[in-house]
Structures are given as structure tokens and as C-alpha cells.
Amino acid sequence: MNIVFFGSGGFALKSLEALVTGAHKVNLVVTQPDKPKGRHLALSSTEVKSKAEALGLKIIQPQNPNSQEAINALKEIPADLYVVISYGHFLKEPLLRLPKLYPLNVHASLLPKYRGAAPINWAIINGERETGVSIIRMVEAMDAGDILLEKKIPIDDNDTAVTLEEKLSTLAAGALTRAIQLIEKKAEKFIKQDTSAVSFAPKLEKRHGEINWSNGAAEISRQIKGLTTWPGAYTYYKGKLLKLWSAEARKENSKNPGEILEAGAGRLIIGTARGSLEIVELQLEGGRRLSAAAFLSGHNLAPGNKFDKAVS
RNA sequence: CGCGGGGUAGAGCAGCCUGGUAGCUCGUUAGGCUCAUAACCUAAAGGUCGUCCGUUCAAAUCGGACCCCCGCAA
């Protein structure tokens with residue numbers, strides 16, 4: 001099959017590899033332009049671009065893939081299928097009609113649930129027990145196309161956004177390979193999405209990471225796991241940003257959400273509205289990521305202090 | 001040159017502003033206490049204070065350059 005691959009994020013890497021090793025001709029990789037990133041705002045390329053370079057594939061990075069200019073370039077490239085994974089730009093009608101067969105999208109949820117930019121994170125935050133990947137035929141509406149294939153996977157208690165993305169990206173590569181086999185045999189069947197079951201997984205923003213200690217310990221724990229590595233769940237200590245990387249919900253209750261219940265012998269326990277939270281790994285602004293024990297040996301935290309914006 | 005914090009014993013930190021014996025918590029080792037212990041008590045070991053240059057009688061501390069780590073922002 002002649003394929004044009006649209007992708008940017010790390011979730012797409014395994015699928016791209018699978019296409020290349022699967023004897024398909026990836027005639028072009030479309031990825032987001034290099035952007036200033038990190039400290040000192042150095043330009044950095046997308047993960048897909050780096051991988052595509054390593055694979056020796058042709059790459060374009062249009063500012064707007066729907067522009068006439070981009071479309072003209074794409075018309076030159078033979079394509080039976082477009083494969084779109086974690087690309088990061090909405091694709092519109094004229095572009096979607098370019099491939100001989102159709103544009104496929106690989107999405108990291110069981111559609112119609114969790115349409116949108118951050119399905120993996122929101123599935124964890126909301127405490128879903130299972131999720132999966134969906135391969136759909138793209139239409140001009142966000143993640144709304146007919147479903148060709150879905151694969152399920154359980155969400156483990158220990159899963160974070162990072163571990164789950166890893167699992168799902170592997171699952172996605174397999175599902176994509178299978179979907180293309182079906183298409184080659186002209187055996188593909190599409191199922192319409194149940195519009196009554198639609199839910200959304202909006203793009204993550206920094207503010208989603210701020211911990212509200214008036215939530216329950218279990219919720220906060222899921223927030224921490226669902227938001228690694230970005231934006232991460234955070235609170236404040238002595239006016240500085242304090243990221244919580246890993247924590248476990250405990251049963252002991254506290255009258256004062258955000259209050260330090262225990263800080264010693266390697267244990268750091270914070271009260272929440274329902275239950276308490278034992279912090280396992282944390283990171284203070286400017287510092288590196290530390291175990292609770294290491295953090296405590298250098299910071300004199302006393303029970304009764306609170307983790308919050310204004311307090312010391 | 002986007003903004004900012006930091007590099008001091010194995011770990012995490014204080015000391016730096018106001019130069020002049022290197023300190024805290026934990027860990028390690030030895031001894032003690034105990035029916036016993038990762039608990040408690042006592043003692044010890046362990047540091048070119050990121051690197052180089054400069055100022056000074058004297059630099060972890062002041063000035064400069066460079067290296068490395070990190071938060072924000074994007």
C-alpha cells in the first residue's frame with residue numbers, strides 16, 4: 001500500500017515503524033513544524049520527525065496542512081491511504097479526499113468515548129477500568145468517523161499516562177497493521193459511532209494539574225497518574241511549586257485538607273477531604289525529583305503545616 | 001541572548017547578604033541498651049564546598065568565565 005503518514009507525538013512512533021517493516025510504502029511523513037521548546041527556546045523537532053529521519057523517509061512540515069500549498073504538495077505523492085496518529089492539527093475536507101481509498105485515524109480510546117486530544121490522560125483521571133484504541137475512517141469532525149476496528153486493554157491500578165501510552169501505542173501498531181490487512185482484502189467493515197455515548201477528552205492545560213485538596217485521596221492519586229509527565233499534579237510549599245510524581249491513597253481521614261499529617265521516618269502523609277495521601281515521590285521547583293524520604297531529610301516539614309498557595 | 005532556582009560528606013539540605021576553625025537530618029561503621037528491633041543511647045569514618053581565573057593577609061562566602069542539574073514559559 002502507498003501510504004502518507006501524519007503524526008507528531010510519541011504515540012505514533014510504533015505505528016510508523018510497523019508500517020515501514022510491514023512492507024508498506026510510506027511515501028511521505030507529514031509532521032508539525034519544529035518549534036521553540038525547552039529552556040532557551042531552542043528549536044526542536046517532533047518525535048515522529050526524528051524517527052522518520054532515522055528511517056530515511058521523506059518529510060514535510062507544513063504550518064497548515066489544509067492550505068492550498070500543502071494540498072498541492074500532497075497531490076504529488078501517491079497514496080492509497082492516509083494514516084493519521086497524534087498529528088496535532090485538524091484535517092479538513094479537501095485534504096481528506098486526497099487518498100485513493102480513505103484517511104484512517106488511530107485514536108487512543110474506545111470511541112465514541114474520549115474524543116479529543118488527551119484520551120489516555122482523561123481515562124486514567126476518570127478512573128476507567130479499561131480503554132483501548134480505535135481505528136476510524138476520518139470525517140471532517142473530531143474523532144467522529146465510522147469505526148473499522150477497536151482493541152481493548154485493561155487499565156492497571158499502577159498505570160500512569162506514560163505506561164498506558166506505551167501499552168496503547170503497541171496496541172495501536174498492531175491494530176493498524178490488522179486494519180490495513182482487512183482493507184487490502186477488501187474485507188473492512190465500518191460501524192457508526194453511537195452518538196448518545198460520546199464523551200470528550202480535552203487538551204490538557206497547566207491548570208488541570210493543580211491539586212485541590214478538597215477532593216478525595218483516590219481522585220488526587222488518579223490525577224497524579226493521569227497527568228504524568230505533563231503537566232503533572234502540583235501544589236505549593238512555601239510559595240514554591242511542588243510537583244507530586246507518585247502517591248498512594250490511604251484511609252486515615254483529616255479534618256484539614258492539605259494539612260501535613262505525618263512527616264518523618266520516610267513517610268510524608270497529607271490529608272484530603274476523603275482519606276489521606278502518602279507521597280512517594282515529589283519535586284520542588286528548581287530541584288530534582290526526589291523520594292519522600294530524601295526530601296524530608298533536607299526540608300523540615302512539621303505536621304500541621306499545609307500544602308497550599310499562601311502557607312509556609 | 002525568553003524568565004528564574006540550584007551544584008557544600010553516600011542521600012537531602014543549612015551556611016553565602018555582613019569573607020577568618022565545615023554544619024544539620026538521614027545513611028554507613030563500631031560499641032552500648034533491649035527478650036528483640038529498621039527503635040533508643042554513645043562514638044567514629046567520610047568533604048579538592050561543580051571547574052578555572054581574579055580580588056584579599058585570608059574565599060564555600062566577593063567578582064568574572066565556563067560546565068552540569070532543575071522549575072516556569074513556549
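The structure displayed is predicted, hence computed values, not measured ones. Sequence lines set the chain letters: A, B, ... in the order given, protein chains first and strands last, and positions in each chain run from 1.
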Who pairs with B/A38 - Watson-Crick or G-U, where each distance is under 3.5 Å: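 The answer is none; no pair meets the criterion.
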
When you measure from the centre of the six-membered ring of A/Y234, is the NZ or CZ of A/K206 under 6.0 Å away and within 45° of the axis? yes

Is any side-chain N or O of [X] closer than 4.0 Å to OP1 or OP2 of [N]?
X	N	answer
A/R39	B/A73	no
A/K206	B/C72	yes
A/Q283	B/C70	no

Length of the [atom1]-[atom2] vector between [X] and [N], whole Å:
X	N	atom1	atom2	result
A/L296	B/A11	CG	P	18 Å
A/K238	B/A14	NZ	C1'	11 Å
A/L282	B/G71	CG	P	13 Å
A/H40	B/G5	NE2	P	13 Å

Can you tell which of [options] lies closest to the side chain of [X]?
X	options	value
A/K240	B/A73, B/G5, B/C72	B/G5
A/K243	B/G71, B/A73, B/C69	B/G71
A/K37	B/G71, B/A74, B/G12	B/A74
A/H299	B/G71, B/C13, B/A74	B/C13
A/W230	B/A74, B/C69, B/G71	B/A74

Would you mind classifying the nucleic acid contact of A/G38 as base, sugar-phosphate or nothing, using non-hydrogen atoms under 4.0 angstrom? base

Would you please say whether a donor-acceptor pair under 3.5 Å links the side chains of [X] and [Y]?
X	Y	value
A/Y114	A/N126	yes
A/E285	A/Y236	no
A/T235	A/W213	yes

